[in-house]
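Atoms within each ligand, like the ligands themselves, are counted from 1 in listed order.
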Amino acid sequence: MTVRSSFVVVANRLPVDEVTTSQGREWRRSPGGLVTALHPVLVEHRGTWVGWAGGTGDAPEPFELDGIRLHPVPLSAEELERYYEGSSNATIWPLYHDAVETPVFKRRWREAYRMVNQRFADAAAEVAAEGATVWVQDYQLQLVPAMLREQRPDLRIGFFLHIPFPPIELFMQMPVRAEILRGLLGADLVGFQQRLAAQNFVRLARHLLGLRYEGQVIDVDGRPVRAGAFPISIDVKEMEAMVATPEVQARAKQIREELGNPKTIILGVDRLDYTKGIELRLKAFRELLADRKLTVPEAVMVQVATPSRERVEHYQALRVKVEREVGRINGEFAKVGVPAVHYLHQSYSRSELAALYLAADVMMVTPLRDGMNLVAKEYVAARADTGGALVLSEFAGAATELRQSFLCNPHDPDGVKDALIRAVHVEPVEARRRMRIMQRHLRSHDVRQWAKSFLSTLGVPENE
Ligand code: ADP
Ligand code: F6P
């Protein structure tokens, strides 16, 4: 019998990983801000998380883990290709990121997107109790709010977009633009990372569907749909606690030693994604080495590039370009036993990442476009004591909040180089001052506060 919940989260992925232990295969909660933020609410409401468990074919039966009910949705191999790799990550992802790569439009992908969104909506309708709150996450599931409302008008529906929402002229490229917009308008509250994105959305509703709005409330046939900005954040306390452990502190020291105790460690940590500006960052480093404004071994760069969406063509092309650039830099500037760039195409544990943050003198976050960029916030939270400097693209959502970083325009190579050099040479007192201000901001704007603020705007009473 299906267990019904008064609070349901619907996201493309379930917040769990399947791991092999000596006892066999088992599920573990995956680390991640979203699940951390929603965990208390889910536990309190005997909540359910609807999502894909990874893999293809039959989905596992619903199960419970750490007080959350998990309701897996299956994807076939063909759906994985068309809905996830195709529509979500080769059409919508590039289009919503300012079309920094050309979006690919295919009819059969759209059909799969529709079918899979319907499956997620059906699953949510099945597990939601009468009058429940359902919170749908992100660009993979933009049709779900309307599909859900159609079946279950009794529900309170929220939607949050984790990535940017494009200006009207870009959104209009989408062949199924009205369907997507109507999908989102099925929600009572549509949340974005930035105020500008919420404005793009309400203006689009008027432009495309002739809907009227006042402030950020759109009138959809007499039903108010509110748009708003809710910049997501991280679990600040968790990061602060982690970097305070002797293990992470020791590991950070060890990393510096392993890198040859250079004067300056420059770090990048990203999914290997063309929106992240990894190439332009490497190029800035190469030019500074060529100009002799930086030298090896005094300065070295570590670039962690987490494997991501590896079957999508744009990502394959990016990997080739990044690896070629790393090879070029090392070819020209490395010394025997001392690479100029340490390139790591790997996934790491949270504590290893924390140690890297702690070891780095300068963190480079240079996306061409990013909804928020949590890595930037994690670095700031990790540097509770020691300074360190953040070079941050103006085109990351995080730039709205982290004003004391070294901001740069990633489209201007000289601007990026200048920001990097200023960050490398910042006085320690000034570095600490900047970090302190940003840390203060993050402590009062962490991921729990983000979830609270969205849910209270949606009208969910705090101890409902
Ligand atoms: P996106 O959501 O586009 O991947 P964000 O910067 O907002 O970008 O979030 C990335 C998250 O993934 C961060 O929490 C970061 O710590 C984590 N992460 C990035 N690279 C790795 C890695 N190599 N191993 C483990 N976690 C990683
Ligand atoms: O931030 C966008 C996002 O798609 C998240 O929803 C997701 O956690 C992350 O990027 C990684 O992407 P994927 O789920 O495609 O591996």
Side-chain angles (χ1 to χ4, degrees), residues 9-17 30-37 51-54 75 80-81 83-90 92-94 96-97 100 136-142 159-165 192-193 231-236 238-239 242-243 267-278 302-312 314-315 342-358 360 363-382 390 392-393 395-399 401-402 446-447 450:
V9 173
V10 189
N12 178 54
R13 285 186 194 272
L14 286 175
V16 292
D17 298 311
S30 52
L34 189 60
V35 64
T36 310
W52 173 51
L75 287 184
L80 182 68
E81 187 216 322
Y83 146 79
Y84 171 75
E85 292 167 347
S87 263
S88 299
N89 290 313
I92 299 168
W93 180 270
Y96 282 29
H97 286 87
V100 296
V136 184
Q137 311 286 328
D138 228 353
Y139 63 102
Q140 302 94 342
L141 301 175
Q142 293 173 97
F159 180 92
F160 185 75
L161 186 71
H162 292 248
I163 68 173
F165 191 75
F192 300 91
Q193 302 277 22
I232 200 170
S233 194
I234 56 161
D235 187 349
V236 177
E238 182 228 30
M239 182 55 78
M242 198 149 49
V243 292
L267 176 67
V269 173
D270 315 78
R271 269 183 312 101
L272 186 51
D273 192 298
Y274 51 83
T275 59
K276 303 288 182 185
I278 301 171
V302 177
Q303 177 63 57
V304 175
T306 320
S308 181
R309 307 171 189 166
E310 289 180 284
R311 297 198 313 185
V312 179
H314 289 138
Y315 290 77
H342 298 251
Y343 168 73
L344 305 155
H345 185 235
Q346 296 162 35
S347 236
Y348 288 100
S349 64
R350 304 286 306 154
S351 61
E352 182 70 4
L353 276 187
L356 278 164
Y357 292 148
L358 212 48
M363 180 85 208
M364 287 200 86
V365 178
T366 54
L368 296 163
R369 173 58 79 195
D370 208 328
M372 176 52 64
N373 198 291
L374 296 179
V375 164
K377 291 189 169 180
E378 287 170 358
Y379 179 70
V380 170
L390 173 65
L392 180 59
S393 158
F395 291 79
E401 297 168 81
L402 304 180
D446 83 342
V447 73
W450 166 80

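Of all the heavy atoms in Leu368 and Val100, the pair that sits closest is CB-CG1, 4.0 Å. Closest approach of Phe159 and Leu141 over heavy atoms only: CE1-O, 3.7 Å.
Taking 4.5 Å as the limit, every side-chain heavy atom of Gln193 sits out of range of all side-chain heavy atoms of Pro164.
With a 4.0 Å cut-off on non-hydrogen atoms, Trp93 touches ligand 2 through its side chain and not its backbone.
Distance screen at 4.0 Å: atom 11 (C) of ligand 2 has a protein heavy-atom neighbour inside the cut-off.
Tested against Val304 for a side-chain contact (heavy atoms from CB on, under 4.5 Å), the candidates Leu356, Val375, Asp270 yield a single pass: Leu356. Partner of Tyr139 under the ring-ring contact (aromatic ring centres under 6.0 Å, His included) criterion, chosen from Phe160, Tyr96, Trp93: Trp93. Each of Lys377, Lys276, Arg271 was checked for a salt bridge (charged side-chain N to carboxylate O under 4.0 Å, His left out) with Asp370, and the lone residue meeting it is Lys276.
The structure places CZ of Arg350 at 6.5 Å from OH of Tyr357, a figure rounded to the nearest 0.5 Å. A distance of 9.0 Å separates CG of Asp235 from CE of Met242, quoted to the nearest 0.5 Å.
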Between ligand 1 and the protein, tabulate every N or O atom pair separated by less than 3.5 Å, reporting distance only.
{"from": "ligand 1", "atom 1": "3 (O)", "to": "Arg271", "atom 2": "NH2", "distance (Å)": "2.8"}
{"from": "ligand 1", "atom 1": "3 (O)", "to": "Lys276", "atom 2": "NZ", "distance (Å)": "2.9"}
{"from": "ligand 1", "atom 1": "4 (O)", "to": "Arg271", "atom 2": "NE", "distance (Å)": "2.7"}
{"from": "ligand 1", "atom 1": "6 (O)", "to": "Leu374", "atom 2": "N", "distance (Å)": "3.1"}
{"from": "ligand 1", "atom 1": "6 (O)", "to": "Val375", "atom 2": "N", "distance (Å)": "3.2"}
{"from": "ligand 1", "atom 1": "7 (O)", "to": "Leu374", "atom 2": "N", "distance (Å)": "2.9"}
{"from": "ligand 1", "atom 1": "8 (O)", "to": "Lys276", "atom 2": "NZ", "distance (Å)": "3.1"}
{"from": "ligand 1", "atom 1": "14 (O)", "to": "Glu378", "atom 2": "OE2", "distance (Å)": "2.5"}
{"from": "ligand 1", "atom 1": "16 (O)", "to": "Arg350", "atom 2": "NH1", "distance (Å)": "3.1"}
{"from": "ligand 1", "atom 1": "16 (O)", "to": "Glu378", "atom 2": "OE1", "distance (Å)": "2.6"}
{"from": "ligand 1", "atom 1": "16 (O)", "to": "Glu378", "atom 2": "OE2", "distance (Å)": "3.2"}
{"from": "ligand 1", "atom 1": "20 (N)", "to": "Thr306", "atom 2": "OG1", "distance (Å)": "2.7"}
{"from": "ligand 1", "atom 1": "23 (N)", "to": "Thr306", "atom 2": "OG1", "distance (Å)": "2.8"}
{"from": "ligand 1", "atom 1": "23 (N)", "to": "Gln346", "atom 2": "O", "distance (Å)": "3.0"}
{"from": "ligand 1", "atom 1": "24 (N)", "to": "Tyr348", "atom 2": "N", "distance (Å)": "2.7"}
{"from": "ligand 1", "atom 1": "24 (N)", "to": "Tyr348", "atom 2": "O", "distance (Å)": "3.2"}

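Proximity annotation for atom 9 (C) of ligand 2: of Arg309, Met372, Gln140, Gln193, Arg309 comes nearest, heavy atoms only.
A donor-acceptor pair under 3.5 Å is formed between the side chain of Asp138 and the backbone N or O of His162.
Numbered from 1 in the order shown, with element, the atoms of ligand 2 that lie under 4.0 Å from a heavy atom of Tyr84 read 13 (P), 15 (O), 16 (O). Near Arg13, the atoms of ligand 2 lying under 4.0 angstrom from a non-hydrogen atom of the residue are 13 (P), 14 (O), 16 (O). Residue contact check: Tyr139 has heavy atoms under 4.0 Å from atoms 4 (O) of ligand 2.
For a threshold of 3.5 Å applied to N or O pairs, the pair formed by Asp138 and ligand 2 contains at least one separation below that value.
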